[in-house]
Chemist: 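Here you go, one structure.
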Amino acid sequence: MSLVTTLLDFLPEILLLAGALLVFLVDALGLRRIEVVGSIAVVTILLALLFVFADLGFAPVAFLAAIPPGQIDVFPPAGSTPLYWFTSLGLFFQTFFLLAAFLVALASMSRPSRERGAAVFYGLILLATLGMMLVAVASDLIFLLIAIEVVSIPSYLLVAYTRRDTRSMEAAMKFFIVGALSTVLSFFGASFLYGAYGTTNLFVLASGSAIANGAAGGGGFPLLVVIGYSLLIAGLAFKITLVPFHAWAVDVYDGAPDDVSAFLAGGTKKIGLFAFFLVFLGPVLFAKVAFQWFGGIGPVSFGPVLQVLLSILAVVTMSVGNVLALMQKSMKRMLAYSSISQAGYMLIGVAIGTAPALTGASLQVFAHVFMKSGAFLVVAAAAGLGVGPLIADWRGLGQKRPWLSAAFALMLLSLAGMPLTVGFVSKFVLFSAAIEAQGYFVWLAVAGLLNSALSVFYYGRVLKVIYFDSPAAAPAVPAPEGASPAASGAAAGPDHTPTAPLALGGLGYARAATIAIVAIVIVVLGIYPGPLLQPLAAAAQHFIRLGL
Amino acid sequence: MNFWVSLDQWAFLVPLLPALAFVIIGALGERLSKLEHGGWLAVLFSAGSMVLGFLIAIGEMLGPGTYVDVRYTWFSIPPSSTGFRDGFSLVMGTLVDPISALMLIVVTLVGFVVMLYSIGYMHRDTGLPRYYAILSLFLTAMLGVVLADNLLMFFLFWELVGVCSYFLIGFYYAKPSAASAAKEAFIVTRVGDVLFLAGIFIYFAMYASADPSWAASGFLFTKGNAAFLPLGQGVNPTLLTIAGIFLLAGAAGKSAQFPLDAWLPDAMEGPTTVSALIHAATMVAAGVYLLVIGSLFLGFTSTDQLAIVAVGGFTTIWAASMACVHTDIKRVIAYSTVSQLGYMVLAVGAGFAMVGLFHLYTHAMFKALLFLAAGSVIHAVTTQDLFKMGGLRKKMRYTAFAFLAGAFALSGIPPFGGFWSKDDILSSVYSQLGTHPEYWPFYLMALATVFLTAYYIFRVYFLAFEGPSSREPGLSEHAHESPWVMRVPMLVLAGMAIVAGLLVFIPPFATLFNPTLTSPAFPVALPLNVPPSYPLVDIELSALSVALAVGGILVAWWLWGNGRLASMPRSAPARWMRETLLQRYYVKAAYDWIGGVGVYSIARASDFVDRFVIDGTVRGFERSFAGISQRMRKIQTGVVSDYAAYVITGLIAVFVIVLFVAPWLVSRLGGG
Amino acid sequence: MTSLSIVGFVGLSTALLAISTFGILTRRNFILLLISIEIGMNAAILDFLYFAAFPTGSHYFDGLQGQSIAIVLIGLAATEVAVGLAIVLALNRLKGSINVAEASSLRE
Amino acid sequence: MSVPWISITLASLVVGTVATFLAGRSARWVALATSIVFLIEIGLMFWGYSWPGLLNGIPQFAYSETHAWISIGWLNINYTVGVDGISLVLILLTGILQIATVLYSWKEEKRPNAWFGLVLLTCLGCFGVFVALDILFFFLFWEAVLVPMFFIIGYWGGPNRRYAAIKFFVYTHVASVVMLVGLLALAFYSHAASLDFSSVYAAEPALAGVVPAFLFVALFFGFGVKFPIVPFHTWLPDAHVEAPTGGSVLLAGLLLKLGGYGLIRWGIEVIPNGFHTDQPILFVIAFVSIVWGSVLSLSQRDLKRMVAYSSINHMGIVLLAIALNSELGLVAALFLMFAHGIVSALLFMTAGSTHDIFRTRDIPSIGGAASVTPRLATAMMIGSLASLGLPALISFPAEFTALLATWQALAYWVLIPLIVLVVTAGFYIWMMQRLLFGPTKGIPNSVHDIASLEVVAMGILIAVTVLFGVLPNLLVHWIVMSPVGVWPL
Amino acid sequence: MSLEELAFLVLALVAVATAVLALFVRELVHTILWIGVFFVDLAAIYFLIDAPFLGVLQLGVYAGAVTILLLFGIMVTRKRIFSREAITGIGALPTALAVAMFVFLALVVGEFPGSEQPVAAYSVTDLSRALFSTFGVYLLLLGLVMLGALAGAIYLVREGRE
């Protein structure tokens with residue numbers, strides 16, 4: 001495999017890197033208008049998306065494919081321990097990540113045109129996206145963890161990029177500390193796995209051989225593996241905000257600039273789920289050899305134990321997320337908790353570990369990219385219109401801003417899993433898969449569905465505020481302590497040159513277009529999900545077969 | 001097919017004509033003000049109905065074997081592999097047989113004359129289109145009951161009759177007492193109706209299980225076919241008894257028999273015409289008609305018969321006693337109606353259905369007459385209080401004559417109609433006493449009632465028409481005779497009251513009372529010879545009852561006729577007695593308590609449970625979730641060290657789960 | 001060649017991780033938190049190097065991978081310190097304090 | 001049948017609904033046109049209908065269509081629609097109530113396009129439920145009804161509308177998800193080839209042991225809350241009291257029918273084994289609902305609340321009739337659902353008009369309304385009488401048949417609903433006595449009788465009430481052209 | 001106990017001691033000193049297990065660059081360098097958590113048979129070959145991390161200096 005072909009395989013990633021460098025270059029040259037850097041980023045992302053589509057084999061663009069079809073979804077040669085490997089599910093996730101980046105990049109172009117941090121913002125977005133794409137092709141634990149760092153480090157900085165906002169900075173600080181702790185735990189766990197297997201290749205890890213040997217009494221290290229995986233769960237759970245590793249997320253989504261919140265919740269969070277696929281699906285599927293458990297219980301095997309653990313985490317996460325979302329007063333915190341509970345649903349897919357479940361979880365990720373980014377982007381747009389951070393500040397928006405409110409309502413209904421939205425389809429597939437798996441997984445489906453019913457309560461409450469409450473005469477509730485007048489990236493401050501009001505009554509074309517795209521996707525794929533669902537199901541099937 | 005038989009094909013027109021009147025008057029409403037607000041239309045259509053009804057009845061008298069049943073499928077489930085083997089259907093149809101022919105005569109005749117009378121009597125009221133429309137609808141419904149060829153249709157129109165009664169009692173709805181009386185009437189009869197419905201179900205089940213093809217053919221509730229069913233074959237006698245009791249309950253509700261009798265006196269809140277037509281002649285007789293049908297075609301066991309006799313016999317004296325003290329002219333007549341209905345029920349129960357029917361027929365005539373005459377009086381003096389009337393005979397000759405004719409008929413003085421029928425009942429029941437000694441008390445009650453009847457009706461007569469001009473100045477001085485539209489009906493009915501009993505001696509007419517002789521519709525031998533008492537078989541009994549009646553009249557004359565009693569007796573037992581009777585033995589109060597306090601308290605308590613226990617649980621869920629949420633929010637302290645602590649706690653939890661909890665669970669669940 | 005006990009090595013790295021965790025949980029000064037994180041990273045590095053030095057017997061074993069990972073981790077840890085310091089400076093400029101307990105306006 | 005009437009109807013409803021939303025001030029005309037087109041399409045469906053019978057023991061449907069929607073091996077979902085007599089009559093009910101609601105609320109001034117759009121959307125969802133023959137599509141439409149109703153209650157409703165809207169939404173949604181679990185488990189545990197009705201129907205006998213009973217309980221809970229069954233009924237009074245009149249009409253007229261339809265179509269028809277096991281539960285709940293609904297109606301002061309509780313009573317009779325496990329009972333249940341749809345709609349319209357005219361629905365504080373608003377009083381009387389089962393009006397044949405079937409199956413237990421009939425009569429008659437009759441009180445200064453369009457709306461319902469009350473076979477004829485007679489009862 | 005083992009024991013104890021001291025002395029400047037010693041101590045351990053290149057790297061990166069960076073951080077954020085850190089509580093919960101974590105992690109100790117195995121030594125050549133070919137991707141990724149960190153961190157601290 002020559003260097004050129006290797007690089008060609010990574011054409012989309014290289015494009016993103018080039019785009020990031022170009023953005024920094026343009027910034028250095030002084031062309032730091034947001035239209036310029038934003039366009040570069042958007043175009044880059046779209047190009048990358050095009051190539052990923054080509055690699056996935058979508059007929060209209062298949063001729064652009066850089067990765068030979070024979071290299072996707074096949075087993076690596078015997079004895080080799082590749083660091084990265086192409087799977088169609090990974091490529092699908094790449095498209096999801098790119099879509100999330102695209103939405104945020106496009107919407108952010110409606111921010112004040114002379115904003116200082118624009119170049120850094122877009123550069124970091126592109127770099128983080130690059131990292132996300134790398135996560136999706138990892139086949140080595142360390143590769144995976146460093147790729148996650150490629151995402152994390154820009155994320156910390158993105159949260160802080162407004163520089164002048166104490167809330168953002170506080171969020172960045174929290175994000176950084178918890179993130180760094182998680183990094184430490186992940187690597188520490190990885191070191192144990194390395195110690196047990198002698199390699200960090202995920203194909204090898206997936207085989208569960210180190211555990212299997214342990215049963216025979218020769219050379220296996222069950223405890224090392226088990227403790228290692230436990231540490232990894234703790235480390236990666238930080239990323240997908242499982243309870244109780246979630247506490248940072250609420251503050252960060254709340255404190256971060258709205259566009260960044262959209263990117264974090266809709267985008268970077270999802271790498272954690274794919275990491276879970278990569279790291280834990282193998283043990284779930286293959287570590288089925290029974291051995292005597294610590295403390296004399298058994299014989300049981302690691303796979304089912306892991307399934308139970310993940311199931312417990314999933315149920316706890318969705319329940320706690322939903323319950324906490326119930327009484328939130330701040331819109332972004334409510335969305336943050338809802339995002340946490342959604343992570344619980346997605347985790348069901350890993351816990352079950354069947355192809356249908358994987359399909360459902362992936363689809364849920366896809367849906368969530370749109371729903372959650374979209375929701376945060378609407379919040380950003382609303383902040384730009386002078387709507388305060390509290391849910392109560394949205395009173396009567398349905399009358400003042402019918403289209404924006406309708407889009408937001410659509411997103412919330414989709415989050416709640418109402419029919420004719422993509423959120424419904426994804427939940428339907430996911431919970432169908434849980435019931436299809438039978439056994440105690442049915443109770444996972446029940447828990448998930450009851451939770452989604454509970455979630456209706458707080459989504460409904462927001463709809464109530466938007467549509468049923470009459471508009472407030474004046475902002476009745478003062479902003480919470482430490483909040484800037486409008487906690488958004490578009491906030492006017494000394495750092496930002498005031499600019500003329502945006503088009504569409506302050507919304508801006510780009511942001512309006514983004515929200516429209518989200519709404520259309522939610523509805524169209526809610527009505528006709530076949531074109532997405534069928535290849536995704538096939539990809540999940542391949543992924544399971546590979547045992548990654 | 002001869003003319004008379006082919007006429008029966010058109011029997012459905014008899015109820016349909018008033019229905020047309022209902023539709024037209026209901027649709028046009030006040031636009032008919034030139035036609036007495038639709039009154040003349042109603043008269044016209046009811047006249048048409050009467051003519052057709054009489055023709056059909058005559059056909060039934062003349063034509064041999066004119067049992068004609070015209071059917072229409074109302075509700076049908078075709079045969080299928082399961083469920084009803086042969087399908088299921090409910091039918092509507094008209095059955096013309098001697099009994100329905102007789103009822104046709106009664107209903108259409110009284111209906112027509114009351115319609116005509118209304119023109120004059122109701123002239124001053126408002127809301128007349130409503131009155132005529134509903135009165136027409138009532139005629140339709142009543143004729144539907146009469147012509148029904150199955151129990152379902154019978155019940156359907158029976159209910160409609162009840163609703164019309166409801167609206168007519170509540171005609172003066174702005175009066176709280178009228179609205180209340182209407183409600184009471186509806187609900188009390190409803191109690192009977194639902195039990196009747198239960199009875200229908202039982203008959204259905206019995207017959208359907210005895211012969212499944214019934215369900216398919218739609219003959220299910222057909223009277224004619226019911227008689228084919230050999231009683232005792234595949235029929236559980238207990239079930240039959242219960243069904244009979246339920247039927248009796250239905251009849252008691254409609255015919256105001258004890259203990260469902262309380263509504264009828266209150267129903268006098270309606271216009272007097274309504275009282276005449278509905279609450280004297282027709283609707284209240286429907287209950288008796290139902291028992292007649294039940295007796296002839298559905299079959300009662302001896303237990304049922306005893307129950308019916310008991311209810312009827314007791315009701316005669318129960319109501320008559322209360323009639324003796326009331327001062328409201330209409331109420332007295334209303335109690336009299338209840339009492340007379342008791343006679344009919346008694347007869348049917350004792351096994352003499354046609355005798356009961358005979359009394360129904362004569363009673364319809366003279367009771368309608370009494371009401372119309374009373375209405376004429378009320379119309380003239382604008383009060384219903386007997387003690388405010390007096391000496392009206394001189395001013396209202398026609399009315400007085402009519403009332404007197406009715407009173408003689410009611411008292412059972414020969415040759416007035418009431419004599420023949422009441423005497424028939426008494427002698428019939430007497431004839432059963434040998435085999436059924438348990439009928440004795442009820443026979444005696446009925447006998448005593450003859451005396452009371454004569455007493456109370458002549459009390460009314462003497463108070464209203466005789467004596468000094470008026471005890472209340474200014475009331476009866478301006479009284480004058482009613483217009484011809486009111487006089488003609490009274491005279492027609494007065495004539496009927498005199499001759500109704502004699503008519504049955506005319507052979508063609510008599511056939512109506514003797515269905516076994518002429519109609520193939522009743523191939524099985526009926527359990528009696530109808531009428532048993534023509535010519536009079538037991539002259540001593542007749543003499544006794546006439547003597548009692550005359551005695552009653554004399555006592556009435558002695559007390560009231562010569563002004564001996566200017567007011568009510570004042571002694572303590574008498575006052576107590578009078579108060580008890582006026583309060584209707586406090587049964588009404590008990591009912592009010594059950595409805596107003598008993599049931600309503602249960603409803604209030606249930607409402608409390610619903611709001612605070614059931615819904616409270618739901619709200620408790622909401623609140624507890626909210627509370628948990630509020631409390632859990634506190635863990636989000638904002639201090640990053642705490643967040644790190646959660647992470648480490650989570651890690652340790654993962655350790656615990658992976659090392660201890662999950663393996664244990666997995667081994668319990670049966671391993672990998 | 002030498003042989004060293006796993007008890008000692010893993011004991012040391014685990015102890016360092018525990019100390020690091022303890023520091024993160026109890027210290028309030030951001031710089032100290034950074035130092036705690038560095039101690040934790042070093043614990044991981046130590047582990048990698050130890051496992052790289054003692055083959056497991058798996059035919060996939062590659063000790064050089066462990067050492068390479070250690071090298072990368074050193075770089076990664078340094079990068080984190082840099083980013084952390086940048087955030088410290090910005091925070092200090094905004095709030096005049098680097099006490100993490102005082103930065104708690106985002107809560108509940 | 002070659003003409004895909006159902007798809008055409010769905011399409012026309014979708015187009016009409018969207019157009020209504022976009023139509024602005026002229027939305028009412030678009031809505032009316034859509035309703036008329038809908039009725040015409042229903043008429044054509046009736047005209048060409050003949051039940052295809054059974055194929056290999058599986059009931060077939062008229063106008064059925066199947067198009068693959070999702071096909072990923074383990075999950076096969078088709079756009080499968082079709083009607084039989086059961087759905088057909090309920091579709092007719094949908095059409096009638098849609099046009100009646102549109103006409104009744106013709107004068108709606110508050111966001112008319114949204115109002116009429118949401119009304120049409122609700123009806124669209126109900127239509128979808130009645131034609132969907134695939135678990136997913138069924139559930140999709142089932143849930144789709146919730147959203148417009150949520151907005152209808154929450155935006156146009158009464159003072160406490162926000163609470164009621166969310167309660168309605170969450171409560172019924174919880175039930176729906178339980179039902180969904182049941183349906184999916186039914187499909188997956190029986191290893192049905194797809195989520196189509198026919199596949200599930202064919203696969204159900206494979207279920208073993210107590211599984212069918214559990215599944216039936218799950219489904220019954222889901223459908224039961226819609227019914228609503230006691231003790232899961234408390235969302236209903238709140239929703240009704242707060243909902244605007246049109247919302248109440250649709251809620252009582254259509255939404256409650258979804259539960260009955262679902263129970264018949266997806267419960268009894270598909271899981272007869274589970275149904276047989278759980279039958280006693282159904283009986284108990286049905287009797288409790290009948291008694292509870294009626295007794296509570298008696299104590300209500302709010303007119304709408306009273307009618308709402310009477311709905312619980314009536315739907316209890318429907319449940320009883322369904323639970324009887326007899327052909328006669330099922331026919332009666334369907335008839336009664338249709339009847340209740342029409343009659344409760346009429347009653348809620350009169351209650352709404354009462355509120356419009358007298359500014360209150362508190363029964364004791366109004367009196368003698370008949371003398372000032374005779375048209376309203378007439379409509380209310382007809383509605384009440386129909387509701388208490390007066391012959392010649394629509395409920396009578398249905399209730400009569402239902403109770404007859406009850407007698408056949410349960411003998412003397414029939415006395416419970418029968419005696420409750422007296423209570424039912426009691427509260428209606430008492431309400432009429434207090435509200436319509438007696439001396440006038442609580443009448444505002446300027447009183448106008450109901451407007452002519454409201455008269456038209458109520459007139460349609462009254463006409464239907466009388467028509468099917470006098471000629472019930474017009475409806476029964478269609479109901480029995482369905483698998484009611486061949487179910488493995 | 002071999003010499004290596006003895007040396008390791010001493011170094012390990014020093015490492016633990018310096019780590020604890022670094023975190024819990026109240027003079028922040030002393031902290032820097034202790035952490036410097038800690039890094040050097042670890043470098044010594046790396047030499048002990050025949051990873052000399054790593055040891056050198058540790059000395060260069062950690063003992064050198066990182067320590068200086070931290071010192072710089074302290075100097076910038078404090079008005080007086082030698083001011084004392086306020087006493088913060090140790091806390092029962094954090095202690096319990098740290099101890100629990102230690103106990104669970106230490107469970108693995110009994111399992112790994114490393115003590116019987118000889119230490120595998122790798123030449124720097126082999127290491128560099130592996131590092132830049134087989135595992136070169138790691139370095140590329142690290143580069144990406146650093147690129148992002150660089151761009152962002154510079155932007156973040158440049159505030160007000162433009």
Side-chain angles (χ1 to χ4, degrees), chain A residues 170 173-178 181-182 185 223 226-227 229-231 233-235 237-238 242-251 287-290 293-295 297-309 311-313 316 320 322-328 333 337 439-440 454 457-458, chain B residues 603-672:
Chain A
E170 183 189 328
M173 182 270 287
K174 290 175 178 172
F175 193 12
F176 173 79
I177 290 174
V178 183
L181 174 62
S182 301
L185 295 179
L223 260 185
V226 168
I227 299 285
Y229 273 119
S230 305
L231 283 161
I233 284 179
F238 152 79
L242 298 184
V243 174
F245 310 97
H246 70 287
W248 64 274
V250 189
D251 289 0
K288 301 259 183 191
V289 182
W293 202 261
F294 182 84
I297 298 170
V300 286
S301 39
F302 186 51
V305 168
L306 199 55
Q307 285 184 308
V308 169
L309 171 69
S311 305
I312 292 173
L313 280 177
V316 168
V320 171
N322 274 324
V323 168
L324 278 171
L326 286 179
M327 299 306 287
Q328 288 303 320
R333 289 181 90 82
Y337 279 116
Y440 69 88
L454 183 61
F457 185 78
Y458 54 84
Chain B
R604 299 294 306 178
S606 307
D607 190 53
F608 181 84
V609 171
D610 198 65
R611 278 175 205 263
F612 295 100
V613 179
I614 298 180
D615 200 36
T617 312
V618 175
R619 285 175 194 241
F621 263 110
E622 289 167 27
R623 248 181 254 126
S624 56
F625 270 119
I628 293 170
S629 183
Q630 283 290 14
R631 225 157 284 151
M632 276 179 71
R633 280 176 62 188
K634 299 281 186 279
I635 65 170
Q636 198 78 13
T637 55
V639 179
V640 71
S641 311
D642 294 339
Y643 299 174
Y646 303 154
V647 171
I648 302 300
T649 313
L651 175 65
I652 288 164
V654 168
F655 283 146
V656 171
I657 293 173
V658 162
L659 293 176
F660 304 111
V661 178
W664 180 76
L665 275 177
V666 170
S667 67
R668 289 305 292 270
L669 290 169

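Given the structure is predicted, the values throughout are model-derived calculations rather than measurements. Reminder, nothing fancy here: chain letters follow the sequence lines and each chain counts from 1.
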Chemist: Can you check whether A/Tyr440 reaches B/Leu665 side chain to side chain, under 4.5 Å on heavy atoms?
Modeler: no
Chemist: Test of understanding: with ring-ring contact (aromatic ring centres under 6.0 Å, His included), list the residues that count as partners of A/Phe176, not counting sequence neighbours.
Modeler: A/Tyr156
Chemist: Tell me, side chain or backbone of A/Ile177 under 4.5 Å from chain B's heavy atoms, or both, or neither?
Modeler: side chain
Chemist: Sort out for me which of A/Ile233, A/Leu231, A/Leu185, A/Leu313 touches chain B most, counting heavy-atom pairs under 4.5 Å.
Modeler: A/Leu231
Chemist: Show the nearest heavy-atom pair for residues B/Gly650 and A/Phe245, with the distance to one decimal.
Modeler: C-CZ, 3.5 Å
Chemist: B/Ala603: which residues meet the side-chain contact (heavy atoms from CB on, under 4.5 Å) condition with it, sequence neighbours left out?
Modeler: D/Val295, D/Leu298, D/Ser299
Chemist: How far does CD1 of B/Ile657 sit from CG of A/Leu306, to the nearest 0.5 angstrom?
Modeler: 11.5 Å
Chemist: If you take all heavy atoms of B/Tyr646 and A/Pro244, which pair is closest and at what distance?
Modeler: CB-O, 3.4 Å
Chemist: Should A/Leu223 and B/Leu659 count as side-chain neighbours, where that means a heavy-atom distance under 4.5 Å?
Modeler: yes
Chemist: Would you name the heavy atoms of B/Val658 and A/Phe302 that are closest together and state the gap between them?
Modeler: CG1-CE1, 4.5 Å
Chemist: Quick one: what part of A/Tyr337 sits under 4.5 Å from any heavy atom of chain B, side chain, backbone, both or neither?
Modeler: side chain
Chemist: Among the options A/Val178, A/Asp251, A/Leu181, pick out the one with the most heavy-atom pairs lying under 4.5 Å from chain B.
Modeler: A/Asp251
Chemist: Once rounded to the nearest 0.5 Å, what's the spacing between atom CZ of B/Arg631 and atom CG of A/Leu324?
Modeler: 12.5 Å
Chemist: Out of A/Ala234, A/Ser230, A/Ser182, A/Ala325, return the one with the most heavy atom pairs under 4.5 angstrom to chain B.
Modeler: A/Ser230
Chemist: Chain A: which of B/Ile628, B/Thr649, B/Val647 shares the most heavy-atom pairs with it under 4.5 Å?
Modeler: B/Val647
Chemist: Sort by residue number and list every residue of residues 608-627 of chain B having at least one heavy atom under 4.5 Å from chain A.
Modeler: B/Phe625, B/Ala626
Chemist: Could you please state which residues from residues 633-642 of chain B sit under 4.5 angstrom from chain A, measuring non-hydrogen atom to non-hydrogen atom, sorted by number, or 'none'?
Modeler: B/Arg633, B/Gln636, B/Gly638, B/Val640
